[in-house]
Asks: 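I have a structure here, written as structure tokens, and I will follow up with some questions on it.
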Amino acid sequence: MTDQRPTLADVARVAGVSRAAASRAINGTYGASEAVRRRVRAVAAELGFEPHPVARALATGRTGAGRRERIEVLIIDPDPEAMSSKPFYGRVLTGAMRALGDRDIALEVRRVTTLPADDGDAPFGRLLINVPAAAGAAFARRGRTVALGRSAPGVMFVAPDNDGGGHKAAAHLVNTGRTRIGAVFGPPTPCADERRAGFMRVMAGAARPVAVADGDFTRARAYAAARELLAREPRLDAVFASCDVSAMGVLQALRETGRRVADDVAVVGFDGSALAEAADLSSVYMPVEDEAASAVHHLLDPALPPPGRLPTLLTVRGSS
């Protein structure tokens, strides 16, 4: 005997929406307007549609056995002080919690020095930060996964316009007349590489040589890198630091060597964190909270369209 129970596809067809939109409306997940939600639920009630309990558990985070589902924020960072010294991570958690709202889904944070070898109790979904591309692809095959920053081909990611942000920082320094420019770039990650590319493209177009030092997004390494740059180029009149934490190390080195910020040396950072505001630091703002929220929304509803790059904005303060 054929099962004549109405399906989600039937509800979507009668309501005049896509199957994905019908699923979002019925399960109360992100991406459905209130009007669509009311219409779809009215059609579902009229047709006698009842969602499958397992499918509903996946969509809402509740299981029949009462086990609470969870989303894991997996961070690869060898710095043991990373969670307290890098505002980026706190902003990620703020955005993720904002996206979860009052859903009964736990948010877990896992910071590791290197990628864990085993994955015994896989979570409902994962948010990957600083995870190497090859490993990201492997994790993506295990369940719902979204990376913050470009990752392996086929792994969904959410990222700001890092290239454009680097471009804005460089254009600001060039346009304000700085001619002996240095840069403390980041580690070999996609986001750091994109910032570097945008910055160097402007410098090449303006025929400005750049004194470059590699950093690792820590204050200590940026401090040492800035001292190296000043030893090589004593008349340096500007430094771009590819994150605000690095900029703090640059500012320290400038103070200790008697340089005045911004009279002698202009400094521009990247992140737009609370550090930048407190230090009166010019910085490229990236909407980290929105980035994390978008990633969580896509974990909750993989049918959402792929996210685009989030815009960045240079905020000019007293350091430049």
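Quantities reported herein were computed from a predicted structural model and do not represent experimental measurements. In this chain, numbering begins with 1 at the start of the sequence shown.
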Asks: Do any N or O atoms from the side chain of Arg144 and from the backbone of Leu299 form a donor-acceptor pair under 3.5 angstrom?
Replies: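 Checking the backbone N and O of Leu299 against the side chain of Arg144, a donor-acceptor pair under 3.5 Å is found.
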Asks: Look at the side chain of Ser319 and the backbone N and O of Ser282, then say whether any donor-acceptor pair between them is shorter than 3.5 Å.
Replies: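 Yes, the answer is positive, given that a donor and an acceptor are paired below the 3.5 Å cut-off.
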Asks: Report the distance from atom OG1 of Thr179 to atom CG of Leu236, rounding to the nearest 0.5 Å.
Replies: 9.5 Å
Asks: Hydrophobic cluster membership, with links at side-chain heavy-atom distances under 4.5 Å among I/L/V/M/F/W/Y: are Leu107 and Leu300 in one?
Replies: yes
Asks: Is it true that, when you exclude Glu108 itself, more than 12 heavy atoms of the residues, nucleotides or ligands shown sit nearer than 6.0 Å to its CD?
Replies: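 More than 12 heavy atoms, drawn from other residues, nucleotides or ligands, come within 6.0 Å of this atom.
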Asks: Rounded to the nearest 0.5 Å, what's the gap from CE on Met286 to CG on Asn162? Could you check?
Replies: 6.5 Å
Asks: Under 3.5 Å, side chain of Arg232 to main-chain N/O of Val212, donor-acceptor pair present?
Replies: yes
Asks: What I'd like to find out is whether the side chain of Arg221 reaches to under 4.5 Å of the side chain of Ser246, using heavy atoms alone.
Replies: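 In short, these two side chains do not touch, never coming nearer than 4.5 Å.
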Asks: Under 3.5 Å, is there a donor-acceptor pair between the Ser320 and His172 side chains?
Replies: yes
Asks: To the nearest 0.5 Å, tell me how far Met97 CE sits from Ile105 CD1.
Replies: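 So the gap between those two atoms works out to 14.5 Å.
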Asks: Is the shortest side-chain heavy-atom distance between Asp237 and Val265 below 4.5 Å?
Replies: no
Asks: With the side chain counted from C-beta on, respond yes when Thr113 and Arg111 share a heavy-atom pair under 4.5 Å apart, and no when they do not.
Replies: yes
Asks: Counting only heavy atoms from other residues, nucleotides and ligands, does the tally under 6.0 Å from CD of Glu256 exceed 12?
Replies: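 Buried by this count: over 12 neighbours within 6.0 Å.
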Asks: Please walk me through it: do Arg309 and Asp163 pass side chain to side chain contact (heavy atoms under 4.5 Å, CB included)?
Replies: CA-CA 10 Å; Arg309 290 275 182 166; Asp163 184 286; over 6 Å; no
Asks: Taking the side chain from Thr94 and the backbone from Gly90, do they hold a donor-acceptor pair closer than 3.5 Å?
Replies: yes
Asks: Is any side-chain heavy atom of Thr176 closer than 4.5 Å to one of Val316?
Replies: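 Side chain of Val316 against side chain of Thr176, heavy atoms only: no contact under 4.5 Å found.
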Asks: How far does CD1 of Ile76 sit from OG1 of Thr189, to the nearest 0.5 angstrom?
Replies: 13.0 Å
Asks: Measure across Gly258 and Asp264 and return the closest heavy-atom pair with its distance rounded to 0.1 Å.
Replies: O-OD2, 4.2 Å
Asks: Any non-hydrogen side-chain atom of Ile181 less than 4.5 Å from a side-chain atom of Phe199?
Replies: yes
Asks: Identify the two heavy atoms, one from Glu291 and one from Ala159, that lie closest to each other, and give their separation to 0.1 Å.
Replies: OE2-CA, 3.8 Å
Asks: Could you tell me if the side chain of Glu277 sits less than 4.5 Å from the side chain of Thr315, heavy atoms only?
Replies: no
Asks: Taking 4.0 angstrom as the limit, do Asp77 and Lys86 come out as a salt bridge?
Replies: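 The answer is yes: the pair qualifies as a salt bridge.
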Asks: Quick one: closest heavy-atom pair of Gly186 and Ser242, and the distance?
Replies: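 The pair with the smallest heavy-atom distance is N-OG, 3.0 Å.
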Asks: Do Phe124 and Met156 share a hydrophobic cluster (ILVMFWY, side-chain heavy atoms under 4.5 Å, transitive)?
Replies: yes
Asks: Treating Ile, Leu, Val, Met, Phe, Trp and Tyr as nodes and any side-chain heavy-atom pair under 4.5 angstrom as an edge, say whether Ile71 and Tyr89 lie in one connected cluster.
Replies: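 Yes, because Ile71 and Tyr89 connect within a single hydrophobic cluster, where side-chain heavy atoms sit under 4.5 Å apart.
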Asks: Give, for atom CZ of Phe240 and atom CZ of Arg196, the distance between the pair rounded to the nearest 0.5 Å.
Replies: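 Those atoms lie 11.0 Å apart.
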Asks: As an exercise, state the distance from OG1 of Thr145 to NE2 of His298, rounded to the nearest 0.5 Å.
Replies: 14.0 Å
Asks: May I ask whether Val210 and Leu173 are part of the same hydrophobic cluster, defined by side-chain heavy atoms of I, L, V, M, F, W, Y residues being less than 4.5 angstrom apart, directly or through others?
Replies: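 Linked within one cluster.
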Asks: Between Asp244 and Ser283, do the side chains contain an N or O donor and an N or O acceptor separated by less than 3.5 Å?
Replies: yes
Asks: In terms of hydrophobic clustering (I, L, V, M, F, W, Y; side-chain heavy atoms under 4.5 Å; direct or indirect links), are Leu148 and Phe157 co-clustered?
Replies: no
Asks: Quick check: closest heavy atoms across Val202 and Ala171, and the distance to 0.1 Å?
Replies: CG1-N, 3.8 Å
Asks: Take Arg39 and Val17, measure what side chain to side chain contact (heavy atoms under 4.5 Å, CB included) needs, and give me the verdict at the end.
Replies: CA-CA 10 Å; Arg39 183 166 77 252; Val17 299; 3.3 Å; yes
Asks: Can you give me the closest heavy-atom contact between Ala253 and Leu230, atom names plus distance?
Replies: O-CD1, 4.4 Å
Asks: Under a 4.0 Å N-O cut-off, is there an ion pair linking Glu81 with Arg219?
Replies: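 Not counted as a salt bridge, because no side-chain N and carboxylate O are separated by less than 4.0 Å.
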Asks: Verify side chain to side chain contact (heavy atoms under 4.5 Å, CB included) between Val92 and Ile75, making sure each step is shown before the conclusion.
Replies: CA-CA 11 Å; Val92 167; Ile75 302 169; over 6 Å; no
Asks: Are Cys191 and Phe217 packed together at the side-chain level, in the sense that at least one heavy-atom pair is separated by less than 4.5 angstrom?
Replies: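 When only atoms from C-beta onward are counted, Phe217 and Cys191 do touch, with a gap below 4.5 Å.
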Asks: Given side chain to side chain contact (heavy atoms under 4.5 Å, CB included), test Val245 with Met248 step by step and report yes or no.
Replies: CA-CA 5 Å; Val245 172; Met248 297 302 108; 5.6 Å; no
Asks: Quick one: does Cys243's side chain get under 4.5 Å of Arg195's, heavy atoms only?
Replies: yes
Asks: If you look at every heavy atom in Pro160 and Thr312, which pair is closest and at what distance?
Replies: CB-CG2, 4.0 Å
